[in-house]
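Please read through the structure below; I'll follow up with questions.
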There are 2 protein chains.
Amino acid sequence: MREVAALAGVSLKTVSRVVNRESGVSADVVTRVERAVAQLDYRHNLAASNLRRGHGKTAMVGALLQDISNSFSSSLLRSLEDAARDRDVVIVAASLDEEPERERALVEGLVRRRVDGLLLMPATERHDYLADDLRSGLPIVFVDRRPNGVDTDSVTIDNARGSRLAVYHLVAHGHRRIAFLGDLPTIQTARNRLEGFEAAMRARHIPLDPSRVITSLRSPEDAEAAVSRLLASDEPPTAIFAARNSLAVGAIRALHRLGKAGQIALVGFDDFPLADIVDPPLTVIRQNVGAIGAEVAQRLFARIDGDTSPPRHVVLAPELVERGSGEIRP
Amino acid sequence: MREVAALAGVSLKTVSRVVNRESGVSADVVTRVERAVAQLDYRHNLAASNLRRGHGKTAMVGALLQDISNSFSSSLLRSLEDAARDRDVVIVAASLDEEPERERALVEGLVRRRVDGLLLMPATERHDYLADDLRSGLPIVFVDRRPNGVDTDSVTIDNARGSRLAVYHLVAHGHRRIAFLGDLPTIQTARNRLEGFEAAMRARHIPLDPSRVITSLRSPEDAEAAVSRLLASDEPPTAIFAARNSLAVGAIRALHRLGKAGQIALVGFDDFPLADIVDPPLTVIRQNVGAIGAEVAQRLFARIDGDTSPPRHVVLAPELVERGSGEIRP
DNA sequence: TCCCCGTTTGACAACGATGTCACGATCACG
DNA sequence: CGTGATCGTGACATCGTTGTCAAACGGGGA
């Protein structure tokens, strides 16, 4: 900037005025400065500008999601981006992979970078560590999982209800031997889905067979192996409830490999783009990702704009989408 | 920082030393400073730090992709993230949606923010506008599309070859009436795929019927409608080559709706997570996204680390994955 | 002609941090 | 006990920018 000023024969402040399109600079000076800017490849430095202005807004928000490459996380990211776009805010995105340490490190990094707000799908169990930042005014919106130990906005779905929908649906189609495939019970949503499953089975007076409740499945491959084992047992299940989309995928693969596709009922949790064209079309518990994302973005930007009303916890209801795989009878 | 210094009874510089874990501070002073930091909720400001240090590294890279929510873009993003993670670099991600204006605006925003490097899947046709930034040393790596008007690293696949693989495969299975579904020909990759299709048809001495070459399809819905029209014609195609994954999805939906699934051959371009379990399993031209992402990340960080060798243009070969849908005979 | 006023421009300090260098204290050694 | 080396600490300028305030300028009216 100093060089631009020298070349244009004006003061630093005048260059600043031109760069910021402030009024009250003569047309002649403006062109001189702009010429100098072009000639020297000068680039305005936003960091320095923000520093001086002091108000702090960096026009960056952080989005810490489970895994950017999965469709749920990336759809949320996209919803946030659509809202951010209108306000010229950019998004710093990262995957947590269910690693608490990574979450803490990334939050710290983003706070040091002075992001204006944070979208968090936490990998940690307790969130007290965020208290200081929240107190100092950093807007944080939780998504998919609720805050624990601090109070801040969240947008989640009713996971237990989703499980209940699935179980009641399968029971209504005549099933009693229903297997459950779930992720690590340390993950809040996975736990809620498991609890919902158990409660629904109780509510329908079906005894829980622990050998048919498989948790800690982390990948489609895990699920595929689990289903193979389940179907090889003495009393194989007639229906499977896969409480996460990647587990449903593994289950489908296993059913295909064993030639049982179309014979065993299957309900997945979380819709995904092609669930309607797999074989058989997959019945799922759908969470409306667009609605979640829009709600999250709206909350976050409202907070950034100074909304200081009490934290709100939005809980959306998932719905059952019948497509075929869940309507197979035993 | 000033307040921390005052509270701890030391100078600014000493606080800086403690915060940066520099050696040569007595244990006593370190604890006093750390206590003060905790008490005042002090947060180190990275922007100011970078400003002063001058070397410029912000430990941020930009990733401008086509659409963060599609699986190709988000997988690339994830590959980049894996590489960035080791170096404590964060990623600013955005979708361009094939809008040139948006690309230019985002690049400018990222340059102003002084990102250390840029991953770009361009929406623009010409890239001269990047010349200044490249000259001033900003590393930019193109992915999926080659730079035009400037010379910088790129990682792409051989799209024409992909189309050729698809056509030869279908012809080998007895097809001659092959329809082509493509995106906007203004998009470089879409154009290359179309050209590859035409060249391959010529090479096999099959006359091109323009009514079976449909371009400018932007969504699964567009593709679905196009396929419906194609199949309603007098001489419907016996095979379809869908030159983008979302178009293949639309084609599958149409075939299902019309009850023709399993009767018309279909080859898609771009693999996607569930292509093996749709009905029938989809034969695709696969680009190895992991390999592309790894290559891109490696190039980008090498440049950031000061590699000034001439720009390299890596072209990876796609491969045909037979799964069933492409092996249906007329 | 003189004065006042609006317009355009510039000098300076400050945003939060750190590299440089110099200072005082402590220590080992002959 | 003096000397030089070593260690811990602080003063100051500086990174790139902008808010504040005042100066310089030109023009219009009395």
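Labels below follow one simple rule: chain letters A, B, ... track the order of the sequence lines, proteins then strands, and each chain is numbered from 1.
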Would you check, one step at a time, whether the test side-chain hydrogen bond (donor to acceptor under 3.5 Å, both in side chains) holds for B/Asp307 with B/Ser309? CA-CA 6 Å; B/Asp307 176 351; B/Ser309 57; 2.7 Å; yes

Record whether the side chain of B/Arg52 comes under 3.5 Å of the base of D/dT14 through a donor-acceptor pair of N or O atoms.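 In this structure, the two groups form a donor-acceptor pair.
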
Please report, rounded to the nearest Å, how far the P atom of D/dT14 is from the CE atom of B/Met1.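 Result: 19 Å.
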
Quick one: is B/Arg53 getting a side-chain N or O under 4.0 Å of the C/dA17 phosphate, OP1 or OP2?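 Indeed not, no polar side-chain atom of B/Arg53 lies that close.
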
Just to be sure I understand the rule, does B/Val10 reach a base, reach only the sugar-phosphate, or reach nothing, if contact means heavy atoms closer than 4.0 Å?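 Contact class for B/Val10: sugar-phosphate only.
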
Name of the residue among B/Thr156, B/Asp144, B/Ile157 meeting side-chain contact (heavy atoms from CB on, under 4.5 Å) with B/Thr189: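 Option passing the side-chain contact (heavy atoms from CB on, under 4.5 Å) with B/Thr189: B/Asp144.
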
Taking atom types as modelled, find out whether B/Arg53 and B/Ser49 have a side-chain donor-acceptor pair closer than 3.5 angstrom.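 Yes, side-chain donor-acceptor contact under 3.5 Å.
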
Could you work out which one of D/dG10, C/dG16, C/dT9 sits closest to the side chain of B/Asn45?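 When the side chain of B/Asn45 is considered, C/dG16 is the closest of D/dG10, C/dG16, C/dT9.
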
Looking across every strand, which nucleic acid part, if any, lies under 4.0 Å from B/Val19 by heavy atom: base, sugar-phosphate, or nothing?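 No contact.
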
Side chain of B/Ser11: nearest nucleotide among C/dA17, C/dT9, D/dA11?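 From the listed options, D/dA11 comes nearest.
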
May I ask you to evaluate whether A/Arg2 reaches the phosphate of D/dT17, defined as a side-chain N or O under 4.0 Å from OP1 or OP2?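 A/Arg2 to D/dT17 OP1/OP2: no side-chain N or O under 4.0 Å.
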
Starting the side chain at C-beta, find the nucleotide from C/dA17, D/dG10, C/dT9 nearest to B/Ser49.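 Closest nucleotide to the B/Ser49 side chain: C/dA17.
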
If you fit an axis to the five pairs at each end of the helix from C/dT1-D/dA30 to C/dG30-D/dC1, how big is the angle between those two axes, to 10 degrees?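 Between the axes fitted at each end of the helix from C/dT1-D/dA30 to C/dG30-D/dC1 lies an angle of 50°.
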
Scan A/Val15 against the nucleic acid and name what it touches under 4.0 Å (heavy atoms): base, sugar-phosphate only, or nothing.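 The residue A/Val15 makes no contact with any strand.
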
Nucleotide nearest B/Ser26 (side chain, heavy atoms from C-beta), chosen from C/dG16, C/dT9, D/dG8: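 It is D/dG8.
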
Does a salt bridge link A/Arg21 with A/Glu34, judged by any charged N lying under 4.0 Å from a carboxylate O?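 Salt bridge flag = no for A/Glu34 with A/Arg21.
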
Integer-rounded Å distance: C/dG16 C1' and B/Arg43 CZ: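 For the pair B/Arg43 CZ and C/dG16 C1', the rounded distance is 16 Å.
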
Which sits closer to the 5' end of DNA chain D, A/Ala48 or B/Lys13, going by the nucleotide each is nearest to?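 Looking at DNA chain D, the more 5' nearest nucleotide goes with B/Lys13.
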
Output the rounded distance in Å from CZ (A/Arg17) to P (C/dA11).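 Roughly 11 Å, once rounded to whole Å.
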
Under 6.0 Å between the ring centres of A/His313 and A/Phe142?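 No, ring centres 6.0 Å or more apart.
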
A/Asp305: which of A/Arg87, A/Arg299, A/Lys57 passes salt bridge (charged side-chain N to carboxylate O under 4.0 Å, His left out):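 Exactly one option meets the salt bridge (charged side-chain N to carboxylate O under 4.0 Å, His left out) with A/Asp305, and it is A/Arg87.
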
Atom-to-atom span, CZ of B/Arg112 to C1' of D/dG16 - whole angstrom: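 It works out to 13 Å between those atoms.
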
Once you round it to whole Å, what is the distance between P of C/dT8 and CG of A/Asp28?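 It is 12 Å, rounded to the nearest whole Å.
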
With a 4.0 Å cut-off, would you call A/Glu98 and A/Arg145 a salt bridge?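 Yes, A/Glu98 and A/Arg145 are salt-bridged.
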
Calculate the interatomic distance between B/Leu12 atom CG and D/dC15 atom C1'; express it in whole Å.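 So the two atoms are 15 Å apart, to the nearest Å.
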
Any B/Thr14 side-chain nitrogen or oxygen under 4.0 Å from OP1 or OP2 of D/dG10: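 Yes, such a contact exists.
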
Tell me the interatomic distance from A/Leu51, atom CG, to D/dT17, atom C1', rounded to whole angstroms.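 Value for this atom pair: 8 Å.
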
How is A/Val25 classified with respect to the nucleic acid when contacts are heavy atoms under 4.0 Å: base, sugar-phosphate, or nothing?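 Since only primed, P, OP1 and OP2 atoms lie under 4.0 Å of A/Val25, the category is sugar-phosphate.
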
For B/Ser69, is there any backbone N or O sitting under 3.5 Å from a side-chain donor or acceptor partner on B/Ser73?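 Looks like no, no N/O pair under 3.5 Å.
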
Nucleotide C/dG16, atom P - distance to CG of B/Leu40 in whole Å: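 B/Leu40 atom CG is separated from C/dG16 atom P by 14 Å.
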
